[in-house]
Every structure is written in C-alpha cells, then in structure tokens.
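The structure under discussion appears below in the form of structure tokens.
Predicted model, so just to flag it, every value in this text is computed and none were measured.
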Amino acid sequence: MGRKNSSDIVYEYMQVAEKEILKRWHDPTIIDILRHLTEKGIVDPKRLRNYMIIYDFDTMLKFNDGSRTHTFMDLSIKYDISERQAQSIVYKERVKDTATYNISY
C-alpha cells in the first residue's frame, strides 16, 4: 500500500542528507546539520520551537517546584504565546517526539 514513513525510506534519506551535508561542511557540527535541514525545509522551524518549549517546560518545572501554572506562565512570556498554546504544545506535541510515532518499522 505505501512506504510513506517506512524505515527504509528514512534510511535512504539519511544517506542522501549525509552526502549533502558532508559536501557543504568537512566536519559538520549538530548546529550545521540542523541549519542544513531547516534551510532545505525538511525540519520545520515551528517543530524546533515546539521541541524547545517542551524541553523548557521540563527544565522550568523543576525550577518552579512542580508548579505547572507558573511554568506555563513562564513559557508564554518567553515564547510570546498564550498559556493555553503552551499547554497544547506540551500535552499534544510531546507524543510526536518518539521514533515510533514518526517512522513505521
């Protein structure tokens, strides 16, 4: 039926990306790789922002002694979004950070 998100397509893409990145940088850093993927439109900047919101949520939650209310307020200020948007990103987008959600094996 389809190979839409199959692991063999993902692996094939990784080989192509590796060639492109190594052609551009001799010794690429993770920053170079992310820059390349973002510039090519493969990684959506919004997804990077959402990843950082989830990362910051986990970090800030410890700093705020487990207070989700204060943490969502802090996130809304830092990213200039509403508290509700921050909650939606943390609760609905977190599942997208798993390999099994993104790749069919």
Side-chain angles (χ1 to χ4, degrees):
M1 181 148 130
R3 297 175 27 176
K4 183 178 172 191
N5 294 332
S6 65
S7 59
D8 58 327
I9 291 176
V10 172
Y11 180 73
E12 185 179 336
Y13 168 73
M14 286 189 288
Q15 291 176 321
V16 169
E18 181 182 35
K19 288 177 189 174
E20 290 178 347
I21 291 166
L22 289 175
K23 192 182 296 182
R24 188 170 176 186
W25 293 283
H26 175 67
D27 190 19
T29 65
I30 190 68
I31 293 170
D32 298 329
I33 294 167
L34 287 173
R35 177 178 290 122
H36 178 81
L37 297 176
T38 304
E39 288 173 355
K40 293 286 187 180
I42 296 159
V43 173
D44 182 11
K46 185 176 175 182
R47 288 285 297 136
L48 291 175
R49 182 209 62 183
N50 291 350
Y51 176 86
M52 287 307 303
I53 289 171
I54 293 166
Y55 177 85
D56 284 345
F57 173 79
D58 293 339
T59 304
M60 289 177 178
L61 193 60
K62 293 174 190 170
F63 177 75
N64 289 329
D65 297 322
S67 171
R68 292 176 181 263
T69 303
H70 291 130
T71 303
F72 286 122
M73 287 183 344
D74 291 343
L75 288 171
S76 70
I77 292 166
K78 179 175 179 178
Y79 290 96
D80 194 26
I81 58 176
S82 71
E83 292 175 43
R84 182 69 187 129
Q85 283 176 297
Q87 290 175 355
S88 292
I89 291 167
V90 168
Y91 295 132
K92 293 180 181 176
E93 298 285 320
R94 187 184 295 270
V95 69
K96 295 179 182 179
D97 289 342
T98 60
T100 54
Y101 179 87
N102 295 307
I103 303 170
S104 301
Y105 290 97

Atom pair CG/OH of Asp8 and Tyr11 - distance to nearest 0.5 Å: 11.5 Å

Gap separating the CE atom of Met52 from the NZ atom of Lys78, nearest 0.5 angstrom: 5.5 Å

Exam field: side chain Asp44 to backbone Lys46, donor-acceptor pair closer than 3.5 Å: yes

Exercise: identify the closest heavy-atom pair between Ser76 and Ile81: CB-O, 2.8 Å

Same apolar cluster: Leu48 and Ile33, side chain cutoff 4.5 Å: yes

Side-chain heavy atoms of Glu20 within contact of Lys40, under 4.5 Å: yes

Nearest non-hydrogen partners of Asp56 and Leu75, listed with the distance: CB-CD2, 3.7 Å

Common cluster, Tyr79/Met73, ILVMFWY with side-chain heavy-atom separation under 4.5 Å: no

Inter-residue atom distance Lys92.NZ - Ile54.CD1, 0.5 Å rounding: 13.0 Å

Spacing of Thr59 atom OG1 and Asn64 atom CG [to the nearest 0.5 Å]: 11.0 Å

ILVMFWY cluster, Trp25 and Leu37 together (side-chain gap under 4.5 Å): yes

Rounded distance (nearest 0.5 Å) linking atom NZ of Lys23 with atom NZ of Lys19: 9.0 Å

Ile53-Val43 co-clustered via ILVMFWY side chain contacts under 4.5 Å: no

Exceeds 12 heavy-atom contacts within 6.0 angstrom, atom OH of Tyr91: yes

Neighbour count >12 (heavy atoms, 6.0 Å) for atom OH, Tyr13: yes

Which residues share a side-chain hydrogen bond (donor to acceptor under 3.5 Å, both in side chains) with Ser67, sequence neighbours left out: His70

Partners meeting side-chain hydrogen bond (donor to acceptor under 3.5 Å, both in side chains) with Thr29 (sequence neighbours left out): Asp32

Test ring pair (Phe, Tyr, Trp, His ring centres under 6.0 Å) applied to Phe57 - qualifying residues, sequence neighbours left out: Phe72

ILVMFWY network linking Ile21 to Ile42, side-chain heavy atoms under 4.5 angstrom: yes

Glu18 atom CD, neighbour heavy-atom count above 12 within 6.0 Å: no

For Arg94 against Val90, the heavy-atom pair lying closest together: CB-O, 3.2 Å

Side-chain donor or acceptor of Gln85 paired with backbone N/O of Ser82 under 3.5 Å: yes

Straight-line distance of Glu93 CD to Ser88 OG, nearest 0.5 Å: 9.0 Å

Side chain to side chain, Arg49 and Ile89, heavy atoms closer than 4.5 Å: yes

